[in-house]
Amino acid sequence: MLEKTYRPEEVEARQYERWEASGAFSARPEQDLPRYVVMMPPPNVTGNLHIGHALDNTIQDLLIRYHRMRGYDTLWQPGTDHAGIATQMVVERQLAAQGTSRSNLGREQFQEKIWEWKAESGGTIIRQLRRLGASADWPRERFTMDAGLSDAVLKVFVKLYKDGLIYRDKRLVNWDPKLQTAISDLEVQQTEVNGHLWHFKYPIEGEAGRYIVVATTRPETMLGDTGVAVHPDDARYQYLIGKHAVLPLVGRRLPIVADDYADPEAGSGAVKMTPAHDFNDFEVGKRRDLEVINIFDSYARLNDNVPEAYRGLDRYEARERVVADLEAEGLLEKVEDHLHKVPHGDRSNVAIEPWLTDQWYCDAKTLAQPCIEAVEQGKTRIVPKQWENTYFEWMRNIQPWCISRQLWWGHQIPAWYGPDGEIFVEESEEQALAAAEAHYGKATELTRDEDVLDTWFSSGLWPFSTLGWPSEDPTVKRDLALYYPGSVLVTGFDILFFWVARMMMLGVHFMGEVPFRDVAIHGLVRDASGAKMSKSKGNSMDPLEIIDAYGCDAVRYTLLALAVPGRDLKLDPARMEGYRNFCTKLWNAARFCEMNGARLPADYDPAACKQQVNRWIVGKVAEAGRNLDTAMQGYRFDEAASTLYHFTWHLFCDWYIEFAKPLLQEEGEAAEEVRATMGWALKSLLCLLHPLAPFITEELWEKLGYDGEGLLISTQVPDFPESLIDAEAAAEMDWVLRLISEVRTVRAEMNVPPAAKIDLRLREASATTVERLERQKEVIQRLARLSSLDLLADETPQGAVQFVIDEAVGLLPLAEVIDISAEKARLEKEIAKAESEIGKLDKKLSNEQFLAKAPESVVEENKSRRAEEQETRDKLAAALERLEAV
RNA sequence: GGGCGCGUAGCUCAGCGGGAGAGCACUGCCUUCACACGGCAGGGGUCGCUGGUUCAAUCCCAGCCGCGCCCACCA
């Protein structure tokens, strides 16, 4: 016999091990089945599972299990990402704690350290995903720096280079002075800062006493100024165009140029130009042929291109000095407070510096074009659809993607330089040397580019690199044919650009086909009050801890129930408690079934049930199954969760089991049919629930001795054809349910002491209305007896309900426990409510336009509602009169 | 500056042209032989505000007020 409560801690590890050992997680390429493929977003190899991973992977596991149980060959491709900057930072911090640094170790030793660190803590997150119940194809696990995936990176880089889609360029990049690397636009976060706007007077050359005023938020950059721009139509400055200003502190002649970029409305209308340290100024500088003078070193300290007094100063020290010196010279006109956005590195959290360097770029614009079309044509669907706009917006305005990083951890760029700077991009050093020999006519020594690629470059290949591309191996070719493109990519919107867009670009370019059919976007997990979870705020939830506390199924169910597509979810422990209770409820329902000998005969046919309750619950199971299918197709995991929750608790437990109790007391055919149907319903329910709550359902399946090797390993969900839904049984049962509720209410209000349990014995189902009415009468009679009320046998069912209520109310004065004045107040309130309802309906029904234009059915509905309300009102009024008479 | 989204019961959120819903919380009764992580019954909402379209608006449209997010080169 089952225990009284479900104990997840005793079940989860055991069931998981059994699943994994069975091999049932694995794809079955050799079988001729429809395919369902999900590529797991690879977490950082050295990371820990956080709540966002838990959501993302629970959804994927739900989809995978759901499809696996419906006859698909499923591939859930797992793996991890080397996460360049993030991992390098972790190891660097460790080195710092040990009193050393990467520069002390040198490149090779440092890389060894990282590999050691990976070997040590690399498997953590994968193990943690197993705690979540993730049924991924673990033997296929990949790492972005595996040999195979690295081959893919090489091949892609070389091909794109040779196609002219990757190139080297000298331009301003987002330079992170702390991490000492370039970063892409996406890795830059704009942070609002309370700063100042300084207005400086630049003397006009040869016109003593005349100045042009420029404003800046970054005074230190003035040391690199090479011009001043004004708007061509700005009357105030016409006479200055073509003349020069003299840069204070430096003495450089600054051409005053006309350019549309200068906004006459902003500041003084004149703007200083620092082409080496500002993206806009760089563009203006190119147009107006201004000098580009770099004044910073890689740590954002002033270099030798500034007057000696400032050399070596940090940018912020320099700012103070420059302002002080200009003020001393009387050239500071004014200082205003100024709130503005300052770009910061998302990893380092220091202000990034636009800095002139040589970097590798990817021509994202060209790659993006077919991806825009692919989504427009519906080859890939983004769910919810509103995100398509965001995708289009970004893809249409995409900038060149800076793909080189000055790091040591990652895929080193396969580019070699000859002595004269000639670039050789090849898949190996040998090929590069060969190319160099061909180029120079003799063997020539080459130096390899030190930079590595942006992490997202290799993860952009994930949908096909994990399948073995570019290997020519027949197995790989087969897998690519079967498992590319994937069915759906599940992800939060935070990496829509970082990752999804890159996979689209690289997938379409190299495979000639989009990497996935659907992109299912979910929100971010926030705490109960809506704040972002973060360690520093102390509001983060460790998924493993909450799994320990509530059980994995409860955590999964909570996440799914909250997962409205594209919306953030606020995670409240109270919710998890609720779903933990749900698990217990399910467990106990199964326990009841077990205790009462619910069993499923081999020849059981749900469509052949005779009894009404059984026909009804069969239909409700089928309905739940069909609703689940609809929800899953629309990625409405919240609806999937709620439909099964409602069925389990409020239909199966609250009603069906209660109806079954009296029936089970009797021996014979009726009881047998209930046992069989109950067994069938429970078994079906376990099948339906398994993808959401895999552990408890599997455990029950095993404990109840259902067939096969278990839910995950060998069970297919049966079809639930619409024909199983018996509309007549459903309508009757709805009526019975309502009736029982009403009688219960009356009894509660009358304070009728609890008699025996409501005893419903619904006799064999019958098709004819006469018989149906007879049965209902019997139900009413029983209820009435139980309520100590006599009931006229020839009342019609609807009248009977009213009669029961009337009688109950009529008995009120006799029940001493009832407070008469309170009861009067209640009745008066009810009457007022009914009257207001009648008033509204009257108004509606006297509206000619309504009668003329509204559909007939709506009019009829309103009329009958009017009649019902009137009847209710009259009965209530009569009851009130009787009460007053007492 | 541009874009997206949100304001529905005390809380968290579904719904979305024709009688306001769920979970939790709350109140009352019930330790009845699956379950007190339970059962039954109940209270609670001018569906942000103002206009418009419509026979009919929580739902569609416009404006406004609050809140959040994303993107953007404004000194």
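Residue numbers start from 1 in every chain, and the chains themselves are labelled A, B, ... in the order their sequence lines are given, proteins ahead of strands.
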[atom1] atoms of [N] and [M], separation to the nearest Å:
N     : M     : atom1 : result
B/A14 : B/C71 : C1'   : 30 Å
B/C16 : B/C60 : P     : 10 Å
B/G45 : B/A34 : C1'   : 36 Å
B/A62 : B/C73 : C1'   : 33 Å
B/G51 : B/C65 : C1'   : 14 Å
B/G10 : B/C49 : P     : 14 Å
B/U27 : B/C64 : C1'   : 40 Å
B/A20 : B/G28 : C1'   : 25 Å

Just verifying a value: how many Å separate [X] [atom1] and [Y] [atom2], rounded to the nearest 0.5 Å?
X      : Y      : atom1 : atom2 : value
A/E10  : A/E699 : CD    : CD    : 9.0 Å
A/T274 : A/L290 : OG1   : CG    : 10.0 Å
A/T390 : A/I521 : OG1   : CD1   : 8.0 Å

Lys NZ or Arg CZ of A/R319 over A/W198 ring: under 6.0 Å, within 45°: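 So A/R319 doesn't make the cation-pi contact.
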Euclidean distance, atom [atom1] of residue [X] to atom [atom2] of [N] [Å, nearest integer]:
X      : N     : atom1 : atom2 : result
A/D572 : B/U12 : CG    : P     : 9 Å
A/Y557 : B/U12 : OH    : P     : 23 Å
A/W655 : B/G39 : CH2   : P     : 13 Å
A/L571 : B/C13 : CG    : P     : 11 Å
A/E658 : B/C33 : CD    : P     : 12 Å
A/D654 : B/G38 : CG    : C1'   : 10 Å
A/E594 : B/C35 : CD    : C1'   : 14 Å
A/L841 : B/A56 : CG    : C1'   : 13 Å

Contact state string [nucleotides 70-75 of chain B, B base, S sugar-phosphate only, - no protein heavy atom under 4.0 Å]: -SBBBB
Sequence-aligned protein contact record of nucleotides 14-24 of chain B, with B where the base is within under 4.0 Å of a protein heavy atom and S where only the sugar-phosphate is: SS--BB---SS
A/Y237/A/I256 under side chain to side chain contact (heavy atoms under 4.5 Å, CB included): CA gap, chis, key distance, verdict: CA-CA 9 Å; A/Y237 298 115; A/I256 297 170; 6.0 Å; no
Identify the nucleotide, in any strand shown, that forms a Watson-Crick or G-U wobble pair with [N], with both distances under 3.5 Å; if there is none, say none.
N     : value
B/C24 : B/G10
B/G43 : none
B/A57 : none
B/G17 : none
B/G68 : B/C4
B/C73 : none
B/C37 : none

Ignoring hydrogens and angles, state whether a donor on the side chain of [X] or [Y] is under 3.5 Å from an acceptor on the partner side chain.
X      : Y      : result
A/H277 : A/T221 : no
A/N174 : A/D185 : yes
A/H231 : A/D259 : no
A/E393 : A/N397 : yes
A/E187 : A/S184 : yes

Chi angles and distances behind the salt bridge (Lys or Arg N to Asp or Glu O under 4.0 Å) call for A/E3, A/K703: CA-CA 10 Å; A/E3 303 283 316; A/K703 285 257 160 66; over 6 Å; no
Please write out the pairs of protein N or O atoms and N or O atoms of nucleotides 43-48 of chain B separated by less than 3.5 Å, giving the distance to one decimal.
{"from": "B/G44", "atom 1": "OP1", "to": "A/K829", "atom 2": "NZ", "distance (Å)": "3.2"}

Sugar-phosphate only, base, or nothing, as touched by A/C583 at under 4.0 Å among non-hydrogen atoms: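 The residue A/C583 makes no contact with any strand.
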Whether over 12 other heavy atoms sit under 6.0 Å from A/E9 CD: yes
Donor-acceptor pair present, A/K585 side chain and B/C35 base, under 3.5 Å: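 When only heavy-atom distances are counted, A/K585 does reach the base of B/C35 through a donor-acceptor pair under 3.5 Å.
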Centroid-centroid distance, A/W649 to A/Y645, less than 6.0 Å: yes
Side chain A/H344, main chain A/V342, donor-acceptor under 3.5 Å: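 Pair found, side chain donor or acceptor close to backbone of A/V342.
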Closest-nucleotide 5' rank along RNA chain B - winner of A/R580 and A/D568: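 Nearest nucleotide further toward 5': that of A/D568.
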